Amino acid sequence: MGAKVPRNFRLLEELEKGEKGHGAEACSYGLSDGDDLLMSNWNGTILGPPHSAHENRIYSLNIHCGEAYPDTPPTVQFVSKINLPCVDQRTGKVDPQRLPCLSQWKRENTMETILIELRRFMALPQHKKLSQPPEGSTF
Amino acid sequence: MADESTADETPVTFNVKSSSDAKYVLTVPLSMTIIDLKTKLSGPEYADIPPDRQRLIYSGRVLKDADTLGSYKVKEGNTVHLVKGAASNQRQNPANQGSVNAGGTGAQPAAGVPTNLASGTGQDPLAGLTGARYAGYAQMPNANMFGPDGGMGPPPDPEHMASMLENPNFASTLNEALANPQVIDQMIRSNPMLRDMGPQVRQMMQDPGFRAMMTNPEALRNISQMQRQFGGGMFGGMGGGGNQAFPAPGITDTTPGQQPSAEGETATPRQPDATPQQPPNPFAMFGNPAGAGAAGGANPFAALFGPGGMGGMRSNAPGSPSPAGTQAAEATPQQGANPIADMARNMMQNPQMMQQMMGAMGASPPANPDPNNPAANPAAQAGFNPFAALQGLGGLGALGGAGGFGTQDDRPPEDRYAEQLRQLNDMGFYEFERNIEALRRTGGSVQGAVEYLLTH
């Protein structure tokens with residue numbers, strides 16, 4: 001049990017930050033099932049960065065925090081279809097090897113870090129003009 | 001949820017945070033549906049956004065119109081994010097809407113949203129100038145034109161500009177361009193400072209006298225002569241370096257081409273997506289906050305009365321630096337936006353006055369430059385405006401993109417951009433290094449820096 005407390009403390013902290021809206025404006029996250037005491041499954045949204053193909057879009061993601069979180073990164077999966085090099089085009093899963101904040105995961109990173117990094121990734125000059133599937137389609 | 005039906009009637013107080021940073025506190029029953037909430041928010045006392053353009057996001061989910069607040073477990077004190085989206089067609093197909101559908105499959109960019117510069121130059125009336133037919137007239141931007149801040153370095157030699165204008169082809173092209181209200185609009189639109197200055201700018205630019213003056217090589221020569229008489233200090237507030245006759249203190253090498261470039265990247269035009277010939281900020285000097293100190297932001301003209309200019313006039317020591325803040329502040333009350341346009345017109349239509357003024361300035365700066373003018377000193381200062389603007393437009397005309405004159409600001413960037421950094425911090429950009437970089441690249445424009453930060 002002792003090993004699990006930090007995980008849940010951390011997740012509670014993140015939950016509060018997400019619900020109270022203290023985080024960055026463009027990203028939001030929260031528990032997908034508020035009754036889940038293990039706080040494993042989360043929803044995230046990313047507002048598409050302006051001046052890119054993602055402008056005015058809202059992307060939804062599922063985030064799964066395993067038991068070893070935050071020692072190991074959560075798995076992240078897009079629900080909204082998106083054309084992005086780090087996203088598996090069949091499943092929507094984010095390839096951890098292709099997103100620096102996941103491949104070089106640090107314990108201090110949070111789900112918000114990931115969402116912000118993904119948003120930055122979308123806005124990179126080489127990615128911001130990728131043609132995108134119709135808005136609202138899902139994996 | 002049947003067991004929650006009673007709990008649903010209890011009111012909950014939560015915050016709605018909109019993308020414009022406004023925050024609304026609402027107390028509504030949990031049984032309220034999202035569409036009702038949106039309708040409530042669409043009122044003028046709240047966000048004033050039509051319900052179909054509102055996107056509400058809570059806890060990582062886009063809230064669906066049909067659901068209630070209770071079903072999303074919105075709790076006391078929580079924050080729901082409100083985003084203004086494109087007009088949505090989601091009510092036409094509510095059945096198709098998955099829990100993740102943000103709606104708005106149309107994804108039309110909202111009306112009034114400025115089109116991205118990156119998307120092309122289709123709407124840019126200056127785009128035509130990129131054409132090969134101007135080859136030879138137009139000086140293409142090259143690495144040397146960009147100063148250490150990614151801004152403009154020293155301007156092209158005024159003589160060069162004047163002789164260019166002597167070419168009737170070029171002069172008429174420029175004249176034509178300036179007669180085109182679209183071009184003026186474009187210029188105003190592309191510069192937040194000009195935009196803020198309101199209708200006077202347009203008036204000033206559309207004034208035939210002003211245009212004539214700008215395209216008149218003689219006038220340009222006069223101006224540069226006058227500029228020399230002021231020892232380069234006149235444009236001191238404008239944040240640039242090199243009047244070659246009077247190098248800034250500490251700068252021994254006045255060759256424009258060898259201006260040290262602080263960053264390698266600044267050698268490339270910093271708006272690669274925009275029309276290359278369009279100087280990114282031809283009017284930087286109007287209110288370049290980097291130049292004029294505190295007053296620069298509030299009064300777009302304050303920059304014109306920067307340290308060098310005032311110092312030169314008062315102390316008879318051309319170019320002698322004096323504290324920017326106080327000088328600019330002193331200058332501010334002496335002039336308003338409106339008289340300036342008149343003054344400008346006045347000046348331009350009266351070559352004698354200009355001559356006189358130049359003479360007076362050259363001989364004894366503190367003297368009343370024009371005995372006929374009861375407004376004396378302030379008037380003379382206001383009189384600088386047309387020329388400053390002129391130089392800016394001249395830069396545009398020559399497509400040389402010379403935006404600024406004056407001395408190089410060698411304060412460390414965190415001082416120079418203190419005010420802008422604070423604004424960026426307020427907006428939630430906390431990465432100091434990146435903020436500085438963005439400000440350097442945009443020459444201190446907060447708006448530009450935000451764009452840069454969001455896209456890099």
Side-chain angles (χ1 to χ4, degrees), chain A residues 14-35 41-63 78-81 92 111-112 115 119-120 122-125 127-129 132-139, chain B residues 14-21 23 53 55-62 72-75 77-81 83-90 93 96-110 113-119 272-273 427-430 450-451 453-456:
Chain A
E14 294 195 39
L15 179 63
E16 179 171 346
K17 196 174 176 197
E19 285 184 339
K20 294 254 163 79
H22 294 155
E25 198 100 310
C27 304
S28 170
Y29 49 94
L31 272 182
S32 53
D33 175 8
D35 299 331
N41 294 312
W42 294 67
N43 297 316
T45 52
I46 301 176
L47 287 188
H51 309 300
S52 69
H54 311 282
E55 187 163 10
N56 280 331
R57 292 182 174 216
I58 301 173
Y59 292 98
S60 297
L61 307 89
N62 285 331
I63 305 173
F78 270 85
V79 181
S80 315
K81 261 197 196 296
M111 285 178 275
E112 188 182 10
L115 295 174
R119 184 165 184 268
R120 244 166 63 81
M122 293 178 198
L124 289 179
H127 299 150
K128 70 178 180 189
K129 298 215 187 91
Q132 294 300 326
E135 191 176 6
S137 50
T138 57
F139 282 110
Chain B
F14 60 96
N15 305 310
V16 176
K17 212 162 141 191
S18 89
S19 46
S20 58
D21 243 5
K23 202 169 158 186
R53 298 195 54 185
R55 303 280 174 282
L56 293 175
I57 298 174
Y58 170 67
S59 200
R61 269 180 289 198
V62 180
Y72 291 107
K73 302 194 167 54
V74 174
K75 289 188 289 263
N78 285 353
T79 296
V80 174
H81 291 273
V83 181
K84 188 178 177 181
S88 130
N89 58 0
Q90 60 182 338
N93 57 350
N96 302 346
Q97 208 194 341
S99 64
V100 295
N101 190 343
T105 50
Q108 293 292 327
V113 170
T115 49
N116 190 354
L117 274 179
S119 65
D273 290 330
M427 291 183 210
F429 298 98
Y430 298 113
V450 169
E451 298 249 316
L453 287 168
L454 289 176
T455 50
H456 285 79

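Quick caveat: nothing in here was measured; it's all calculated off a predicted structure.
In terms of non-hydrogen atom pairs under 4.5 Å with chain A, the most contact-rich of B:Val74, B:Asn15, B:Thr79 is B:Thr79. Of the listed residues (A:Leu124, A:Leu61, A:Leu47), the one with the most heavy-atom contacts under 4.5 Å to chain B is A:Leu47. With chain B as partner, the option from A:Gly44, A:Ala26, A:Gly18 having the largest number of non-hydrogen pairs under 4.5 angstrom is A:Gly44.
Nearest heavy atom pair, residue A:Gly30 against residue B:Ser59, reads CA-OG, 2.8 Å. Of all non-hydrogen atoms in B:Arg61 and A:Thr45, the two that sit nearest each other are N-CG2, 4.0 Å. When all heavy atoms of B:Val62 and A:Ser60 are compared, the pair lying nearest together is CG2-OG, 4.5 Å.
The CZ atom of A:Arg57 sits 12.5 Å away from the CZ atom of B:Arg55 when rounded to the nearest 0.5 Å. B:Ile57 CD1 to A:Cys27 SG: the interatomic distance, rounded to the nearest 0.5 Å, is 9.5 Å.
A 4.5 Å side-chain heavy-atom check between A:Asp35 and B:Lys73 finds at least one atom pair inside the cut-off.
Contact annotation for A:Leu115: neither backbone nor side-chain heavy atoms come within less than 4.5 Å of a heavy atom of chain B.
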